[in-house]
J.: 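Handing you a structure now.
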Amino acid sequence: MPDATSPAVTPDMPKRADFPAGFIFGAATAAYQIEGHAFGGAGPCHWDSFAATGRNVVGNEDGARACEHYTRWPEDLDLLRDGGFDAYRFSTSWARVMPDGVQVNPEGLDFYDRLVDGMIARGLAPYLTLYHWDLPSALADRGGWANRETAERFADYAAAVMARIGDRVARTATINEPWCVSWLSHFEGHHAPGLRDIRATARAMHHIQLAHGLALQKLRAAGHRDLGIVLNFSEVLPAHPGAGTAVDLSDALSNRWFIDSITRGTYPQVALDGLGPHMPQDWQADMALISAPLDWLGVNYYTRALVSHDAGAPWPCIRNHQGPLPKTQMGWEIYPDGLRNLLVRMARDYVGTLPLVVTENGMAWDDAVQDGQVADPMRQAYVAAHLNATRHAISEGANVQGFFYWSLLDNYEWAFGYEKRFGLVHVDFETMQRTPKASYHMLKAAVS
Ligand code: FCB
């Protein structure tokens, strides 16, 4: 059994010196997944009710307690500092800051104010995400992301948060993963609000992009800088020769819808062929706002997708396939080349020299504490391979300025409850004890 605190387990792990000067190493979390939504006067959000509805979440678990980060945050920030990290990517909870979606609860903003000061006191650059999925129930009641008004309310919320902590954050992202907010949640029904409705999907896919545009406009007017968005990408490949139009359409729905609109002000025609009849009226008038210039782009990457055309299925007639590569606890294939290819594609086809940041990359494994240690050689190899993929993308011209591991802590993995462990730090969800895994020690040795 290898010594789990030994950093020398993964020979090809790169070091800080292998990256350009100033490259940022960080770890990421999100509010609902770690804070404990029951604490501190947060209002109900749509994940609470989604989780309270049987069969949506493994074990019917919710984020009420999560990692109790709301009270244990000093210990969690110490872990980041002691691990030699430069930055921490966190999110503010809309339902905590505005329990009814509109009125500010000072207790909520006070919490984030203390948290940001805590980062700065430990030499950690705060990377803020304004929306990582905790939509206030009061806004969900009025149609959530299917309703244009939610995008407008989001801009107000973004302005309120930034007025309080914007002077101390390093970089701000408006939205985390609009594909998950819209398609995964309104077409596939896998995330809150759990809909399977093409009209709600088309509207959510537009309104989430509009929310970004409206927030950006408002934040720029208030003088804030270093503003961006976090998109998730997967490299879409044919499952077999003759996979037909599925690759192009799947890439359009999961990748191009979001990056094309943000950088070019267009949606891909093949996606509009299906969604067009369900789009909100006059959506074209919003495209200039949606494509306003960014200061940086966050890229989340986990795996690839293997697809084929399924003529017997309803639109979009895409069939997903299991691939042959080794898989994580999520069943996701480990495919580091996908990260390299996507970063290069972003630079080449979309953003040129605009700063790119890998805002999420990581893997779940069924980790267990043994003798006070957690051996996770699979994760160590995963991290090394994806950091090397990032280096290769940089050498091919992508201006990648940072890499954030997902996640600092084992946490509430949405519809999978607490079963899937992504953390560099193990969390015992009974005692709340934190135990750094071998991967944490390896990263620390590489970046310190
Ligand atoms: C991403 C989410 C993040 C986490 C990881 C595994 O889609 O942004 O909250 O769930 O996947």
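As the structure lists them, so they are numbered: ligands from 1, and atoms in each ligand from 1. Computed from heavy atoms alone, side chains included, the values below leave out hydrogens, waters and symmetry copies.
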J.: Does the cation-pi check pass for R89 over F404, that is, NZ or CZ under 6.0 Å from the six-membered ring centre and within 45° of its axis?
T.: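 Not satisfied by the 6.0 Å and 45° rule.
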
J.: Can you list, by chain and residue number, every protein residue with a non-hydrogen atom closer than 4.0 Å to ligand 1?
T.: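 Its neighbours under 4.0 Å (heavy atoms only) are Q33, H132, W133, N176, E177, Y302, E360, W406, E413, W414, F422, given by chain and number.
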
J.: In the structure I gave you, are the side-chain heavy atoms of R96 and Y112 within less than 4.5 Å of one another anywhere?
T.: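 Side chain of R96 against side chain of Y112, heavy atoms only: contact under 4.5 Å found.
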
J.: Measuring centre to centre across the rings, with the benzene-like ring taken for any Trp, is H186 within less than 6.0 Å of W145?
T.: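 Here the rings of W145 and H186 have centres that are no less than 6.0 Å from each other.
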
J.: Among all residues two or more places apart in sequence or in another chain, which pass the side chain to side chain contact (heavy atoms under 4.5 Å, CB included) test with A146?
T.: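 A146 satisfies side chain to side chain contact (heavy atoms under 4.5 Å, CB included) with A200, R203 only.
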
J.: So, does S308 use its side chain to make a donor-acceptor pair with the main chain of A239 at under 3.5 Å?
T.: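 No, S308 side chain to A239 backbone: no donor-acceptor pair under 3.5 Å.
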
J.: Using ring centroids (six-membered ring only for Trp), state whether Y127 and Y88 fall under 6.0 Å.
T.: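 Aromatic pair excluded; centres sit 6.0 Å or further apart.
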
